[in-house]
Amino acid sequence: MKKSLDELIQKRLLSIDDLRNVLPSLRSDDFTNLIYATFLHQKQHWGMFNEGWNGFLSSEYKKFRFNWFEIKTQFNPTRFVSSSAKVDDETIKKRKCFLCLENLPSEQKGILFESKKNSNERLIFLCNPAPIFNEHFTVSNVHHTPQEIYSRIEAMLELAEICNNEYTIFYNGPKCGASAPDHFHFQACPSNELLTEKDFLNHPEKFHHLLDFENLTIKYITQEEYLRNVLIISSTDANKVGKVFRDIYQLLQKINSTDVEPLMNIFALQRNNDYHLVIFPREKHRPDCYFAEGEERMLISPGLVDMCGMLVTPLQKDFERVDEKIIRQVYSEVTLSDKKFSQLIDEITKL
Ligand SMILES: [Zn+2]
């Protein structure tokens, strides 16, 4: 007999007692500590996650200095499945969805976030079994519903708010990094882990003011200056950020001559009452080296984390081969072209 959705959700949720077993001082209204306790709980009680987490711990890193900012590479073999995932419609239709509640491993459990603004937005924080960060969560909808951001930007900002300086929320578009394009999910990682987050907060002077009006600022930085074309919307008013995001989304559709979601990766955070939405518009998902034959082939499949400056390489040979030239080449192929980006900048000034 098919179980009702509410039953499936209840079965997946950790109780406050489960969480207090790993974090005794936990208060039920302290959302960021509920997230942290979920991580602690799953490390103890879900073997597959513990294995993946240990895999993450033995990751190796290289750093590349580009003037005032840094790019890192992470050699993390546990990411092989995700980086090499086939995300075409046919493959997706045939496989069992790994984010649907009924398909999760029995030990995988989490906590619920219910949007105050949209009662359809019920999302569950689950530990990612192949983490890129010490704490790395998939925040997935309880329904099997496609990855799309246009109607969910408010929920994203709401999440950024309750994460209260402790976690950052990010999103990969269905055709540029999401390995489950058919099942809606955000992701979350601890604050100050994403390199662009640090670059933006520590070097505000490097980002150009594009527009300032009524408590809203739009800034940008170009590929020439930063290897990637990036746009940032900031305001103390989440509704304004959401509205301007939708305007920019439509401009990107126009510039890309498409009526589906323009390729993009996004992260959202709140600091000192300001909401910041950082957008990486994209030209394509995977660089040419991903499809090359033989020696030239490299398993580099950029999502938000990579766009922020940490390129994840699941294969050792790629990790050893990546150099400054390859980094420049990869970013120049996957970031929105300079021509389209300057068109976008131009159109935004007319908003
Ligand atoms: Zn699903």
Side-chain angles (χ1 to χ4, degrees), residues 1-14 35 38-39 41-42 45-49 51-52 78-115 117-132 135-156 158-159 167 169-189 260-261 263-268 285-286 301 303-305:
M1 201 173 75
K2 204 166 161 44
K3 286 191 177 142
S4 76
L5 181 66
D6 282 335
E7 266 179 83
L8 281 170
I9 295 172
Q10 281 315 315
K11 217 179 88 188
R12 287 294 162 188
L13 296 185
L14 292 166
I35 300 173
T38 300
F39 160 72
H41 179 279
Q42 293 285 274
H45 296 279
W46 180 22
M48 183 184 155
F49 171 61
E51 259 171 54
T78 66
R79 296 299 299 173
F80 181 80
V81 175
S82 178
S83 290
S84 58
K86 285 193 178 165
V87 285
D88 60 284
D89 294 348
E90 203 48 34
T91 310
I92 292 296
K93 251 185 244 163
K94 279 186 195 152
R95 66 111 169 83
K96 215 158 109 178
C97 175
F98 59 88
L99 292 182
C100 274
L101 293 175
E102 61 270 35
N103 299 334
L104 301 179
S106 59
E107 304 91 338
Q108 188 174 21
K109 294 187 173 183
I111 57 167
L112 195 65
F113 161 77
E114 292 180 276
S115 167
K117 293 179 179 164
N118 182 347
S119 55
N120 287 327
E121 290 308 330
R122 284 192 293 169
L123 304 163
I124 182 161
F125 273 76
L126 297 165
C127 289
N128 185 326
I132 303 178
E135 292 173 65
H136 184 178
F137 302 92
T138 304
V139 188
S140 65
N141 203 293
V142 297
H143 294 282
H144 185 78
T145 175
Q147 185 79 334
E148 67 87 17
I149 190 66
Y150 193 80
S151 67
R152 295 200 165 87
I153 199 71
E154 276 79 15
M156 188 176 193
E158 221 179 321
L159 270 169
Y167 294 94
I169 305 298
F170 59 98
Y171 170 82
N172 285 323
K175 296 211 183 303
C176 53
S179 42
D182 54 340
H183 192 126
F184 183 81
H185 62 286
F186 292 117
Q187 295 180 63
C189 67
V260 297
E261 180 167 313
L263 301 188
M264 61 175 99
N265 310 98
I266 308 171
F267 71 86
H285 174 204
R286 286 166 165 164
S301 180
L304 182 276
V305 175

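One is the number of the first residue; the rest follow in order along the sequence. In listed order, ligands and their atoms are each counted from 1. Reckoned from all heavy atoms, side chains included, excluding hydrogens, waters and symmetry mates.
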Pairing residues for R152 by the salt bridge (Lys or Arg N to Asp or Glu O under 4.0 Å) criterion, not counting sequence neighbours: E121, E148
With sequence neighbours excluded, tell me which residues meet side chain to side chain donor-acceptor pair (under 3.5 Å) with H41. none
Below 2.8 Å of the Zn ion (ligand 1), tally up the protein N/O/S atoms for me. 4
Within a reach of under 6.0 Å around NZ of K117, are more than 12 heavy atoms found that belong to other residues, nucleotides or ligands? yes
Mind telling me whether H136 and F170 have parallel, tilted or perpendicular rings, with 30° and 60° as the class edges? tilted
Is there side-chain contact between Q108 and C127, with at least one heavy-atom pair below 4.5 Å? no
Excluding sequence neighbours, so at least two apart, what forms side chain to side chain donor-acceptor pair (under 3.5 Å) with T91? D88
